[in-house]
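Notes for the one structure printed next.
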Amino acid sequence: MMLIPAHHFRDIERKPEYLQPEKCIPPPHSRPAGTMWFIRDGCGIACAIVTWFLVLYAEFVVLFVMLIPSRDYVYSVINGLVFNLLAFLALASHCRAMLTDPGAVPKGNATKEFIESLQLKPGQVVYKCPKCCSIKPDRAHHCSVCKRCIRKMDHHCPWVNNCVGENNQKYFVLFTMYIALISLHALIMVGFHFLHCFEEDWTKCSSFSPPTTVILLILLCFEGLLFLIFTSVMFGTQVHSICTDETGIERLQRKNQRRQRRGSWKSVKETFGGDFSLNWFNPFSGPSHPKPLSDRDWVRQVSSVSDTENTETTTEEPSEERKDLDSAEVVNE
């Protein structure tokens, strides 16, 4: 057994402790099975709170400024039910995306004993993350915010305070879709309400004073337009990633990875949980989880040594790129 670093890791060669599996020990307190996943990141928690506040603000304006004061009972009931249903589904999707393990690799499993248990054969390679001391399966990347390696990591989203990965991408897609829909719905209702108030007396079209009504509607219009554009772009990006079987990090790296891509329809079904049904749009129905990783899932062929290793944590806001280095343990004849 021989340790061979990749050709572009000259700095890591001077730090042999990263290449020694003896230095990797399991974390002293592992998370019990069934423990809720939650990232303790101040920025992410603040963004998640802001997200809920903006949705609740839209609820307040739609109900108490536009629908309840309306004299058209049928119009108020139909639009109230539709808007509240979409808002509930959006917030439920947000919670599932935030509190679901995105596909974290077991932390601290890059031990000498575990590597030996894999019984590596000539031509096989194991990649190890020096930051979380984990063996990285194919298509896993390290997130500097979550401090874990995430399988099929697309990016880290501060708005859901979590990575978007293998296990929660469906919830993130639903979250962006439902936010886009309630934003569009709110904009349409604001347009009709302005027309109604111009035709009628402003004092009769809202329970608030005319200046307050105008300010609340303009703020809702600005919020709806901003989030309609933002979430529509994110929704389209995520659907494109699923259909092409290429994560956001893989697209940014633009590496000539020699791997067999799944078909678009198969990738969509695995992400949303089986054949097309209403459960695709249900945030309480999970995706098709892959089988637990077997021993062969931890190893790769030596031909891919030059493929990997600079990984980046991407966010939806401009931020400094975070890169981590891995080490590779190769078995030679």
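Keep in mind the model is a prediction, meaning the values are calculated, not measured.
Counting heavy atoms from C-beta outward, Asn84 and Val62 have side chains that stay 4.5 Å or more apart. Counting heavy atoms from C-beta outward, Val55 and Ile179 have side chains that approach closer than 4.5 Å. With a 4.5 Å cut-off on side-chain heavy atoms, Pro283 and Leu89 count as touching. Contact annotation: the side chain of Met98 never approaches that of Asn168 to less than 4.5 Å [non-hydrogen atoms, C-beta and beyond]. Side-chain contact check for Val61 versus Leu217: some heavy-atom pair is nearer than 4.5 Å. The shortest side-chain heavy-atom distance between Leu220 and Leu216 does not fall under the 4.5 Å cut-off. Counting only heavy atoms from C-beta outward, the side chains of Tyr75 and Met189 approach each other to under 4.5 Å. Contact check for Ile182 versus Phe88: no side-chain heavy atoms found under the 4.5 Å cut-off.
With a 6.0 Å radius and a threshold of 12 heavy atoms from other residues, nucleotides or ligands, Tyr57 has its OH atom above the threshold. Counting heavy atoms of neighbouring residues, nucleotides and ligands inside a 6.0 Å radius, atom CG of Leu195 exceeds 12 of them.
A donor-acceptor pair under 3.5 Å links the side-chain atoms of Tyr178 to the main chain of Phe281, judged by distance alone. Using modelled atom types, one side-chain atom of Lys170 and one backbone atom of Asn282 make a donor-acceptor pair closer than 3.5 Å. Side-chain N or O atoms of Ser76 include none that pairs as donor or acceptor with a backbone N or O of Ile68 at under 3.5 Å. Looking at Thr176, its side chain does come within 3.5 Å of a backbone N or O of Val173 through a donor-acceptor pair. Between the side chain of His94 and the backbone N or O of Trp159 there is at least one donor-acceptor pair closer than 3.5 Å. A donor-acceptor pair under 3.5 Å is absent between the side-chain atoms of Trp280 and the main chain of Lys269, judged by distance alone. Judged purely by atom type and a 3.5 angstrom limit, Lys136 has no side-chain atom pairing as donor or acceptor with the backbone of Val105. In this structure, Arg96 contributes its side chain and Tyr171 its backbone to no donor-acceptor pair below 3.5 Å. Judged purely by atom type and a 3.5 angstrom limit, Ser70 has no side-chain atom pairing as donor or acceptor with the backbone of Met66. Within the 3.5 Å criterion, the main-chain N or O of Ile242 finds a donor-acceptor partner in the side chain of Ser267.
Phe230 and Phe227 have perpendicular rings, their planes meeting at more than 60° on a 0 to 90° scale where under 30° would count as parallel. Between Phe172 and Phe175, the angle of the ring planes lies from 30° to 60°, which puts this pair in the tilted group.
Shown here for Cys163 and Pro102, the closest heavy-atom pair between the two residues is O-CB, 3.6 Å. The minimum heavy-atom distance between Cys221 and Val190, with the atom names listed, is CB-CG1, 4.3 Å. Contact record, Ala180 with Ser232: CB-OG, 3.9 Å, taken as the closest heavy-atom pair. Scanning both residues, Gln238 and Gln169, for their nearest heavy atoms gives OE1-NE2, 2.9 Å. Looking at every heavy atom in both residues, Lys107 comes nearest to Cys132 through CG-O, 3.6 Å. When all heavy atoms of Asn161 and Gly44 are compared, the pair lying nearest together is OD1-CA, 3.3 Å.
Linking Ile, Leu, Val, Met, Phe, Trp and Tyr whenever their side-chain heavy atoms come within less than 4.5 Å puts Phe276 and Val268 in one cluster. Both Leu54 and Ile188 are members of a single hydrophobic cluster when ILVMFWY side chains are connected at heavy-atom separations under 4.5 Å. No chain of hydrophobic side-chain contacts below 4.5 Å, direct or via other Ile, Leu, Val, Met, Phe, Trp or Tyr residues, connects Val77 to Val82. Grouping the Ile, Leu, Val, Met, Phe, Trp and Tyr side chains by contacts below 4.5 angstrom, directly or via other members, places Leu81 apart from Val65. If you chain together hydrophobic residues whose side chains sit under 4.5 Å apart, Leu56 and Leu86 never meet in one group.
Taking CZ of Arg251 as the start and OG of Ser241 as the end, the distance is 3.5 Å to the nearest 0.5 Å. Between atom CG of residue Leu85 and atom NE2 of residue His185 there is a gap of 11.0 Å, rounded to the nearest 0.5 Å. Between the CZ atom of Phe235 and the CG atom of Leu174 there is a distance of 8.5 Å, given to the nearest 0.5 Å. Interatomic distance, NZ of Lys152 versus NE2 of His141, reported as 11.0 Å (0.5 Å rounding). In this structure, the separation between NZ on Lys128 and SG on Cys133 is 8.0 Å, given to the nearest 0.5 Å. Rounded to the nearest 0.5 Å, atoms CZ (Arg148) and OG (Ser134) are 6.5 Å apart.
Side-chain contact of Thr247 with Arg139: a donor-acceptor pair under 3.5 Å is absent, judged by distance alone. For the residue pair Asn162 / Trp37, a side-chain donor-acceptor distance below 3.5 Å is found, with atom types taken as modelled.
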Trace of the side-chain contact (heavy atoms from CB on, under 4.5 Å) decision for Lys131 with Ser144: CA-CA 9 Å; Lys131 291 191 174 181; Ser144 298; 4.1 Å; yes
